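Note that the structure is a prediction, hence the values are computed from the model and not measured. Counting starts at 1 for both ligands and their atoms, in listed order.
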Amino acid sequence: MPKITIDGKTVECRENIPVLRAALEAGFEVPHYCYHPGLSVVASCRLCLMQMKMPHPKTKELDWAPKLFPSCQTPVKDGMEVKFDSQLVHNNTNHVMEYYLINHPLDCPVCDKAGECYLQDYTEDYGPATSRMVEEKNKNPKKDIGSQTLLYQDRCVLCTRCVRFTQEVAGTSELTVINRGNRGEIDVFPGEPLENPLQANVVDICPVGALLDKNFLFQQRVWLLKPTKSVSPADARGSTVYIDVNDDRVWRIRPRFNEKVNEWWISDESRFSWQHVHSPDRLNIPMIREESALRPTRWPVVQEQIRAQLNTVASDGGSRVAIVLSPMMSCEEAWLLASFVRQSAPQATFVIGYVPVEGTDQTFPKGFVISAEKCPNRRGVETVIEQAGGPSASWDEFLTKAGGGEYRFALVTGGYPKAWIDSTLADTLRKIETVVLHDVWASALDDHLWLQLPSATWVEREGSFMNADGLVQPFDRALKPLDGVVGDGQFYYELAGHQGLFRSRKVRELMAAELPTFGEVFVPREEPEYAH
Ligand code: SF4
Ligand code: FES
């Protein structure tokens, strides 16, 4: 590993990275706008300039060169010596910041980016306290550039990150720079809006408040938001995300760097995968059928009833019992439910629930993938079913047998982001005498259910998902469950005979004894902030 000296301190760094990245990874603060590790290097913003020792042209001895070098464009080399903390560098940063503020509006009080804006931060840290600009500022129009995205051109610093993102990562090239000099603007081509499945990433990488998410516009001040580390449930890739919450509400989802899965990006599907969480249509009261109608009951009663019912219908070992484990469940929830059922019904059939698939996988130029499989944990649930042993069936096999009247009792789990049981499916499930449905939504099957149990969304749960490549990744709980709802993990934990609070880490330790795959979860490394 090369060793370089930054401001007199020797730093060991990774091979083939620019000095800027090495400095940021070593904890130095270096202002920068145009550099982003996921994009090509253009060295246009001139904020990251540094001093560097070079051989003197006459004496050939190493000495500080009189001009500055862009640290984002200079690769590390063993033995090199650079300086960011010098008067020459500070003067450059100060003058560059003054330049950026010439036309920038002072509208931080109404700007969504305030609080996480690198123009605000760098101005405070490196910029001049007052402006010498006496002319009228250029005023540029706000532009509606895409279905999710707005451009406030006045605020743009022309770093071109957004342009390079659409060219290099999305591969769609909708954005470009028009005009020249201080009239330069970001724009879309006529009649070609910013419309690609990764479009809202440009909002994250814009270092200032020029690109804004329409869904988040004027919704919250960012310093009020509390981030929680999670994993996207939108597809089988398992992109890692932050869920930003305030006042018991999710306000936005942002990408969380993951070197093995999604790097710095997420799909718009993942970004907006939380919107059903606050739907007024969600179930929130456990119901039991009494005298031909569903009536409210209590969670402890539900548990007693399920145990008693299972003991009755599984007196022969459970050959006419089916347990549908949804690919929306966490690995821990699936394992707890499977362990509980195997004790009283060793012959029960475990079924991998409905796996929604849309089209085919979409692969983007730099390798980002949106999976066609729209659920986060098919592989995890399949692994649990395999390990549990005993009879198992695919979703289609289960439907055929259910339609043929082979089951007397079924516990079906759902948890999909929208209602999924249509009348055809409901008609098939009606052939099962006793059905328990643990789900987020009411359905066409309600008139037949024995128990209707409200499920928590993944935002309100903790656990782990195994992605399509077999990577087990943990996610934390961002919100407490909706009033009246018990977290799915807690419910299955108690059903399986455990006492106390469900903690996914504790359950994974128990699982690891039977399933070493779950002994170690993958947690991505922390990346420095790249001005976004
Ligand atoms: S809109 Fe944002 S990301 Fe795009 S060039 Fe301007 S400042 Fe950079
Ligand atoms: S010139 Fe280096 S980050 Fe812009």
Side-chain angles (χ1 to χ4, degrees), residues 17-24 28-52 67-76 82 84 89 92-93 95-97 99-105 111-113 116-123 126 138 140-146 148-170 173-180 182-188 194 198-213 264-265 528-532:
I17 57 171
V19 174
L20 173 61
R21 192 165 186 188
L24 293 171
F28 290 86
E29 278 185 22
V30 184
H32 59 283
Y33 283 146
C34 65
Y35 177 76
H36 189 285
L39 303 172
S40 59
V41 175
V42 289
S44 61
C45 75
R46 314 313 280 177
L47 261 181
C48 72
L49 303 197
M50 63 179 181
Q51 278 189 276
M52 183 163 64
K67 60 173 248 187
L68 300 175
F69 299 85
S71 61
C72 62
Q73 207 175 33
T74 311
V76 293
V82 303
F84 291 102
V89 173
N92 170 71
T93 321
H95 294 146
V96 174
M97 286 312 300
Y99 166 76
Y100 280 125
L101 286 165
I102 285 179
N103 282 308
H104 196 90
C111 178
D112 274 349
K113 196 80 172 182
E116 55 186 14
C117 169
Y118 283 81
L119 192 83
Q120 232 178 15
D121 292 354
Y122 292 164
T123 301
Y126 310 101
N138 277 348
N140 284 310
K142 297 178 182 58
K143 298 175 191 168
D144 188 349
I145 56 168
Q148 313 291 353
T149 325
L150 283 175
L151 172 64
Y152 279 48
Q153 184 61 54
D154 284 343
R155 299 174 183 161
C156 173
V157 293
L158 274 187
C159 68
T160 71
R161 279 179 169 194
C162 54
V163 176
R164 283 174 283 144
F165 177 85
T166 60
Q167 289 170 348
E168 299 166 15
V169 182
S173 302
E174 296 103 329
L175 296 178
T176 188
V177 180
I178 58 165
N179 302 332
R180 306 186 69 180
N182 74 346
R183 299 275 167 192
E185 282 179 36
I186 298 298
D187 212 338
V188 288
L194 177 63
L198 310 180
Q199 70 167 280
N201 286 288
V202 297
V203 175
D204 302 323
I205 58 172
C206 180
V208 296
L211 284 164
L212 298 171
D213 174 354
W264 301 269
W265 327 116
E529 291 266 314
Y530 288 103
H532 68 269

- Task: Quick one: closest heavy-atom pair of V30 and A23, and the distance?
- Result: CG2-CB, 4.0 Å
- For R46, counting its heavy atoms only, list the atoms of ligand 2 lying under 4.0 Å from any of them. 1 (S), 4 (Fe)
- atom 4 (Fe) of ligand 1: closest protein heavy atom, distance to 0.1 Å, is C162 SG, 2.3 Å
- Among non-hydrogen protein atoms, atom 2 (Fe) of ligand 2 lies closest to C48 SG, 2.2 Å
- Message: Is the distance from the ring center of Y33 to that of Y100 below 6.0 Å?
- Response: yes
- Message: Could you measure the distance from the NE2 atom of H32 to the CD atom of E529? Nearest 0.5 Å is fine.
- Response: 9.0 Å
- Look at the aromatic rings of H36 and Y530 and report parallel, tilted or perpendicular, splitting at 30° and 60°. tilted
- Query: Relative to the heavy atoms of A43, which atoms of ligand 2 are at a distance of less than 4.0 Å?
  - Reply: 1 (S)
- Give the atoms of ligand 1, by number and element, whose distance to some non-hydrogen atom of C159 is under 4.0 Å. 3 (S), 5 (S), 7 (S), 8 (Fe)
- Is atom CZ of F69 surrounded by more than 12 heavy atoms (other residues, nucleotides or ligands) closer than 6.0 Å? yes
- Task: Run the numbers on Q167 and L39 for side-chain contact (heavy atoms from CB on, under 4.5 Å), then give the verdict.
- Result: CA-CA 10 Å; Q167 289 170 348; L39 303 172; over 6 Å; no
- Message: Applying a heavy-atom cut-off of 4.0 Å, say which part of A210 lies close to ligand 1: side chain, backbone, both or neither.
- Response: side chain
- side chain to side chain contact (heavy atoms under 4.5 Å, CB included) test vs I145 passes for just one of I186, L211, L150, namely L211
- Query: Is any side-chain heavy atom of R46 closer than 4.5 Å to a side-chain heavy atom of P70?
  - Reply: yes
- Would you mind telling me if ligand 1 is within reach of the side chain of V157, the backbone, both or neither, using heavy atoms under 4.0 Å? both
- Examine C206 and say whether one of its N/O/S atoms is closer to atom 8 (Fe) of ligand 1 than 2.8 Å. no
- Message: Please determine whether C72 has a backbone or side-chain N, O or S atom lying under 2.8 Å from atom 2 (Fe) of ligand 2.
- Response: yes
- Determine whether the side chain, the backbone, both or neither of L158 has a heavy atom under 4.0 Å from any heavy atom of ligand 1. backbone
- Could you please spell out the steps behind the side-chain contact (heavy atoms from CB on, under 4.5 Å) verdict for K143 and E185? CA-CA 11 Å; K143 298 175 191 168; E185 282 179 36; 2.6 Å; yes
- In sequence, state the C-alpha distance, the side-chain angles, and the governing distance for F165 and W265, and then conclude on ring-ring contact (aromatic ring centres under 6.0 Å, His included). CA-CA 10 Å; F165 177 85; W265 327 116; 4.9 Å; yes
- Message: Quick check on contacts: which atoms of ligand 1 are under 4.0 angstrom from a heavy atom of T160?
- Response: 5 (S), 8 (Fe)
- Atoms of ligand 1 close to L211 [distance to a heavy atom under 4.0 angstrom, numbered from 1]: 1 (S), 4 (Fe)
- Note on the structure: If we number the atoms of ligand 2 from 1 as shown, the ones under 4.0 Å from a heavy atom of C45 are 1 (S), 3 (S), 4 (Fe)
- Using a strict 4.0 Å cut-off to heavy atoms of Y35, name the atoms of ligand 2 that fall inside it. 3 (S)
- Here the pair of heavy atoms bringing V208 nearest to C117 is CA-SG, 4.0 Å
- Item | Where ligand 1 meets V208 - atom numbers and elements under 4.0 angstrom, heavy-atom basis | 7 (S)
- So which heavy atom in the protein is nearest atom 6 (Fe) of ligand 1, and how far is it from that ligand atom? C156 SG, 2.3 Å
- Task: Heavy-atom distances under 4.0 Å are what count here, so tell me which part of Q73 touches ligand 2: side chain, backbone, both or neither.
- Result: neither
